[in-house]
Amino acid sequence: MSILEKPIISECGRYHIEADGSPLYTARFDEVLAFHKVGKRWIAPVRLGIKAFHIDTDGFPIYGQRFHRCFGFYNDLAAVVGEDGWYHIDESGSALYSQRYEFAGNYQEKVCVVMDSDGLYFHLNVIGEPVYDSRWGYCGDFRGGVAVVQAGNGLSTHILPNGSLLHDIWFSDLDVFHKGYARAKTLQGWCHVNKQGNAIYSERYASVEPFYNGFARCETDDGALLIIDESGHVARQLRGPTCDIFAELSSDMVGYWKTCTIYTSVKLDIFEQLPATIEQLSLSCQSNSERVVRLMRGLAELGLVYLEGNCYVVSEKGSYLCLNHKKTLADAAIEYGEDLLQRWKSLPALIQGKRLESDIFYAVAADLERVKSHHRMLASYAMHDYTQVVPLLPIQKGQRVLDAAGGTGTLATLIQAHFPESSVLLGDLESVLNESQFDKKLELDLFSEWSGAYDVVILARVLHDWDDVDAIEVLKHAKHALNCCGEIFILEMLMLESSNSGALCDLHLMAATGGKERTESEFERLSKQAGLRIKRVTKLPSLVSLIVLERGENNG
Ligand SMILES: C[S@@+](CC[C@H](N)C(=O)[O-])C[C@H]1O[C@@H](n2cnc3c(N)ncnc32)[C@H](O)[C@@H]1O
């Protein structure tokens, strides 16, 4: 029978019908899927009992083989599940290749996705050969010559059909391109990116749809629905915010309830006692049980503990408050609940122009117990934020690297381990270095001359602690410590001119250290005043970006 229009699936899903509603054939199956055209004929996958196969428009099997499952023909090939795994067949039912997979997708643009027995994904060509050597945590179909791949660290980027990267920008989540733009999720939220991987506007959303004839629908964090154009301008609002802004503001104002509940639990060593009953906790806190119950219920509301029988147990989130966690935040809980909370109270005066009274770093350095605790806090953040960043640093074999004001050496340790043929030196104040296990150390004051000559000086979250005058002085010392073609690597959050993201961190620095978060143009200005210039800025899969500085012209 010659069928011009694509037959459709009957309402019961057990056979196909023609456009006028009449059954296409007399056979009945347990399940049928859609017809696809292969050459001039239509072919559809069906299942009868435990056997799956493909039929033609007369309802007859097109080959003798039977499978556990089979799917539609795309690019004249169909994915099937046989005795020993997933693979692809041609129209005659013959396997395209001998390899078997844990999963096989449909061919799109003559390439398909498969997953091997290690759970790794990659693409095959139409003769069943891998199209590149890389293996991915996940990958999607090609569309318009570009596919999304997810690396082992969970971040995604775009690749071309030969496996090379379309750009080297990585996102928390990513889509293929529709009309030239792809939906991409950054740490701050969703946006649209161009083929260079750059966001085409600065706003970030809770969700975005692909562009449809130049316009896309987006949802903001407060639930408003907007239509934006391709430059990010809001063309119209479809719906106002859905959240209760009175309740939201109230909740913002009592943010310190959380700070203080967490602080109290760490101060009373609660997490070190768990799992424990209320009686045991009351004993260890020297408190009456009714009050301990109230504290534990507060911690449970925050998702940090839960009740199992009559014992309170640490949740996965709460485990970061245990001192033996390798990224413990127990010290941070104390810092945020004590000194830093006090410092925030000076914010009105600081906004009015008052200068910060005490240098937090000298205060920390002068108190042996606080050095340990404060630097355990910094080490946890460093471990969390730098682990993924280190492999992306452009450090060459044999280079001498100084991690200036590197704390107790978490970043220096990660760099030395990843670049064993470089020589990494850790610089910081004496009392801080005394707490470090890192073997190559240099006592260093950011505001006096530094000894040595280095290929790379790293300033990781250092400049943001200082106002412009001090930051320029630090940069000048770093420049003098460089050898002739040396470079300074600044690792810091980059504020965007057009976005408020990071603004609360910036206020925190004003209150805590007298420093500030900066935009790229602010770094450019500081660098120039220190006789340096920005060579390159790289966004990294972290809160920090990499800003590489080199000596400016006429500034040997
Ligand atoms: C925010 S921490 C950053 C530490 C580390 N670079 C990191 O990213 O985890 C700032 C560091 O600057 C150091 N520091 C502060 N004032 C200093 C000074 N005058 N000389 C040398 N180091 C100083 C502190 O001891 C601390 O280790």
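In each ligand, atom 1 is the first atom listed, and ligand 1 is the first ligand listed.
- Closer than 4.0 angstrom to ligand 1 by heavy atom are Phe361, Tyr362, His375, Leu378, Ala382, Tyr386, Ala405, Gly406, Gly407, Asp428, Leu429, Val432, Leu444, Asp445, Leu446, Phe447, Ala460, Arg461, Asp465, Trp466, sorted by chain and number.
- For the pair Lys195 and Phe177, the cation-pi criterion (under 6.0 Å, within 45° of the ring axis) is fulfilled.
- For the pair Arg204 and Trp190, the cation-pi criterion (under 6.0 Å, within 45° of the ring axis) is not fulfilled.
- Salt bridge annotation for Arg525-Asp468: present, with a cationic side-chain nitrogen under 4.0 angstrom from a carboxylate oxygen.
- Ring pair Trp170/Trp136 is tilted by interplanar angle, where 30° to 60° counts as tilted.
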Under 3.5 Å, side-chain donor or acceptor atoms of residues 500-509 against the rest of the protein: list the pairs with distances, not counting sequence neighbours.
unit_1	atom_1	unit_2	atom_2	d
Asp506	OD1	Glu517	N	2.9
His508	ND1	Trp344	NE1	3.1

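- Of the listed residues (Asn324, Leu323, Leu304), just one forms a side-chain contact (heavy atoms from CB on, under 4.5 Å) with Phe271, and that residue is Leu304.
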